[in-house]
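Chain letters run A, B, ... following the sequence lines, proteins first, then strands; residues in each count from 1.
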Amino acid sequence: MNDPDVIVIGAGADGPAAAWKLATDHGLDVLILEAGAWHGNKNWPQPHADAGGTVSTDPADLDGKLLDEQFTHREADANDPTWGYLRVGPADHSRAPWFRNLHQNAFIWQISAVGGTSLHYFANHPRAYPYAIDTQDHWPISYEELVPYYQLNEEMTSTQQAPMTGKEEVFIEGATNAGYPLIDTKNVTETGWRPQANAVEVPGRETSNGQPLDADYEGSFSYDDGFRGDTLVGDHFQGSSTPVDAPVRDKARKSSNVSYVPPALDTNNDPTMGNVAIRPNAYVTNIETTGGPGSIEASGVTFRDSWSGQTQTVEADTVVLAGGCIESPRLYLNSGLPDDGWVGKGLTTHWFDWVVGVYDDETVAEINPEGEHMDPYVGQNSAVRFDKPGVGGMEDIGMSPGLVSYADYLFSQAGYSFDTPVDPDEPWDTRGYVVGEELKRRMSDYRQTKALLILTDDLPRQDNGVSLDNTFSDEHGAVPKVKWSPHPDDDAKRDELCRIAARIHKEAGAEHVHRCDWPPLLLHMQSSMRMGKVLDSNAEAKNVDRLFVADHSALANGLGGPNPTNTGQALALRTADKIASLYF
Amino acid sequence: MTRRGVMKGIGGIAALSMSNATLADAQAALTDPLPSDPHTADTYRSIVDAIIPRTPELEAELGPEHVPGGLDAELEKFLIWDFNHFQEIRSEMVTENLDGSGVGMPRAMFEFTLDTGGLGSDLDALLDLADLSLLDLLDRGLDADALEDFLTFGALDSIDVSFADLDTEREGVAAFDLTVESDGEVYHQVLQNYPYAPVFTLAFDLVAAEFLATGKNHEPPAPNDKFPAGGTFTQLAPKDRLRCLWTIVDGGVLDALDDLLSPMIPDVGILKFVVMAVNGLHGFGYYTEWSGYGSTKTATPNDREMEVPAGEVQSRQQTDYPGPAPGYAANWRHAVPGGFKDPKAKNLNLPDDLAGDDVIDGLGGGN
């Protein structure tokens with residue numbers, strides 16, 4: 001594709017959604033340039049060892065069994081930020097990751113690949129709290145305007161209520177005992193608990209032996225044997241290539257490489273639609289523009305092949321930034337485009353925390369008389385949540401032990417628990433890093449341990465964000481320097497949510513509650529190129545015509561706390577419509 | 001500098017093309033999982049041992065599988081590998097310009113030689129490298145005498161970090177020569193990234209000396225037979241090692257030590273991130289199946305393979321996790337009969353008070 005109408009920079013959660021809509025509904029030719037690897041595509045059989053092909057346009061290139069080989073489901077293979085197959089870095093795994101300069105006790109968790117950070121997400125697809133769109137004053141558009149796009153996105157991603165398994169039943173017991181009601185709507189305006197809206201198919205939609213998927217099921221989980229839908233494995237952070245043997249588009253969890261990439265490539269086989277081409281291993285280093293100061297417009301991009309180092313310039317009528325909350329502002333700034341003070345600023349990232357409950361066997365057996373266990377690796381990673389609009393939310397989480405040990409006990413801003421006093425008025429028993437004999441003791445209880453992730457609403461603030469680093473540069477220019485710290489209001493909201501979480505654990509019968517007191521975990525990032533400041537209400541850059549942003553950085557705030565994927569994708573679908581109506 | 005004496009090991013890429021190594025040396029390097037000098041290895045071993053120790057005392061309570069610790073799985077190799085693969089430096093981005101003016105990263109930012117073999121103390125060596133005097137330390141509020149008393153880099157006699165055959169006219173990954181002399185033996189590696197792993201250990205020793213100089217330790221330091229090549233840091237009691245690391249995050253120690261650290265660490269501020277990492281890597285290493293890669297665990301990622309079934313890895317036996325599976329037979333149900341209510345946009349009828357409960361009213365965990 002040498003003459004695309006639109007270039008989309010980045011094939012993460014949102015870029016493919018925008019590309020699919022541009023080609024399907026508006027007949028436009030779209031070239032997606034992705035900096036990272038492409039897994040499960042026959043043109044790149046060894047994506048981390050060999051340069052492979054150049055570009056893919058044929059849905060027949062997608063290969064689910066190849067994806068199964070590459071996504072091994074093993075934690076160490078997948079999640080290590082330095083060398084895992086789900087990291088931010090060049091596809092070539094003999095090379096180091098792309099460096100970000102971070103002067104904090106904090107962690108940035110993103111992925112460069114087709115599918116982007118949605119490759120390791122729990123597929124939680126709640127909508128924003130309506131208040132965060134309609135009353136926070138940040139948004140130039142209304143909640144109501146987003147709803148049809150939410151509905152379309154939920155259809156494309158098979159979003160539905162998540163299944164309750166052993167660990168969720170324990171959460172529900174605690175939430176119910178604490179007096180919280182069940183919420184039965186997607187448009188959440190009141191406090192309560194509800195099943196997650198998850199972009200995962202129903203468990204065991206079809207099984208290999210025609211029997212329902214429950215504790216008595218003894219059939220196969222292979223697609224080739226007839227299994228369809230979710231297999232109740234909690235390995236979504238490892239890529240979750242299940243059901244095994246399934247074609248890419250029939251994997252149960254709908255990362256964007258599963259939900260949007262296949263139908264985007266299908267447009268090439270439909271003469272009534274535009275075309276979509278995706279080129280991985282292509283790092284965009286410059287946004288090309290025409291025109292002088294005061295009125296410039298995007299005219300194309302220059303990118304660098306991460307294997308060969310060769311650069312190439314491609315022209316297009318419009319350019320869409322979808323590189324994520326760090327790379328989008330970095331590229332904008334490295335391209336020397338006009339900045340009136342908000343590019344990269346106002347980064348929001350949900351002021352997370354993590355409250356851990358350890359349960360004894362009898363307590364769990366009482367709640368789950370049929371299951372008698374609460375294995376954190378069985379069922380979806382996060383299938384039930386609590387919402388408190390105006391404050392934030394929380395999610396019940398189960399994961400495999402490497403992730404659990406990191407998140408539960410080895411990531412804190414409170415120091416080591418052996419030196420960290422606990423206020424007797426607070427509802428947790430311990431706080432801070434847990435190490436030594438105590439760590440081993442706690443991890444020996446792994447199968448009866450689960451955590452609640454706190455998602456605090458934080459607001460865009462100019463001190464927080466992404467700028468160009470003045471110390472280091474890599475082959476793409478100055479590296480990003482990232483900074484985020486909470487406002488005292490955020491701390492107060494987070495404390496409140498932690499207290500509620502501890503109370504839910506105790507109402508369910510937890511024998512020990514631990515508050516990690518996490519430092520910033522930059523995972524749910526939003527709003528570093530936000531609408532209302534850098535972008536107008538069409539998500540077009542105020543200072544560069546024909547340049548749009550279709551990733552989470554375009555979100556105007558942190559959505560009140562709910563996970564951002566559903567809203568980021570919904571907004572990207574809307575932006576595709578705006579691009580078509582404005583320029584084509 | 002010229003390459004010295006014995007080659008103990010060669011790691012990383014381009015061992016053949018970028019050094020004077022013989023083919024036999026290079027082949028030996030390929031089978032050496034992680035050549036590192038004793039000071040570096042013992043420093044990380046002392047961290048691993050503080051966070052995941054051997055625990056014979058748990059045997060009676062939990063079983064014999066709970067006795068071995070991180071050192072039994074050689075977790076220090078995980079930390080060293082990760083930090084040495086932390087940041088790639090590109091040749092074309094380096095400038096010979098020493099003062100940092102103009103475009104690019106000054107070469108001097110990535111090269112240094114610390115030689116403790118002179119007549120003075122280890123602190124003198126550091127002052128010499130930083131071009132500072134004892135009086136300069138006073139200006140920074142440091143007790144120079146106490147620092148001098150406490151600071152030792154243990155078995156390390158000298159460390160030299162320099163580019164290997166840097167050609168700034170050519171695009172590509174810059175390789176580094178790392179040469180460490182320790183008790184008369186020379187350890188040499190060619191690495192394709194900045195060799196942060198050994199450099200961070202120097203920072204930990206210096207921070208440990210300041211930790212002791214300011215009396216933040218709870219127990220007296222003592223030479224540690226377990227980590228004989230380590231420096232000040234390894235002489236701290238296990239909990240004091242962790243308290244010491246914490247002063248990097250929460251103690252302002254980097255502000256005081258910035259000038260002493262900056263000749264070795266291109267951007268001292270990342271040490272706060274490093275403290276996050278040295279703790280967190282125990283989760284990414286020990287409690288995953290990493291140690292089950294056996295002899296391939298410090299190979300490049302494409303060459304790592306499971307040699308031990310996931311459920312039989314030491315840490316997996318301690319957590320009773322069987323390892324990944326294609327699916328689970330488990331009971332499940334939907335909590336909202338019939339699914340969520342979701343009217344069309346025009347029928348939404350959202351309430352007037354969208355902000356929900358007041359934040360302050362909620363404090364204390366009420367509904």
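Contact annotation for B/R333: both backbone and side-chain heavy atoms come within less than 4.5 Å of a heavy atom of chain A. For A/S412, the part lying under 4.5 angstrom from a heavy atom of chain B is the backbone only. Neither the backbone nor the side chain of A/L146 comes within contact range of chain B; no heavy atom of the residue lies under 4.5 Å from a heavy atom of that chain. In this structure, the portion of A/R127 lying under 4.5 Å from any heavy atom of chain B is its side chain and not its backbone. Looking at B/L348, only its side chain comes within 4.5 Å of chain A, counting heavy atoms on both sides.
Annotation: B/F86 is in aromatic contact with A/F99 [ring centroid separation under 6.0 Å]. No close placement of the B/Y287 and A/Y406 rings is indicated, their centers lying 6.0 Å or farther apart.
Note on ring orientation: taking the six-membered ring where Trp is involved, the planes of A/Y433 and B/W246 are perpendicular (angle over 60°, cut-offs 30° and 60°).
Judged purely by distance below 3.5 Å, without hydrogens or angles, the side chains of B/D267 and A/H103 pair a donor atom with an acceptor atom. The closest side-chain donor-acceptor pair between B/N279 and A/Y416 falls under 3.5 angstrom.
Side chain of A/K440 to backbone of B/V67: a donor-acceptor contact under 3.5 angstrom is found. A/T231 places a side-chain N or O within 3.5 Å of a backbone atom of B/P326 that can act as its donor or acceptor partner.
Every residue meeting the salt bridge (charged side-chain N to carboxylate O under 4.0 Å, His left out) condition with A/E145, not counting sequence neighbours, appears here in chain and number order: A/R574.
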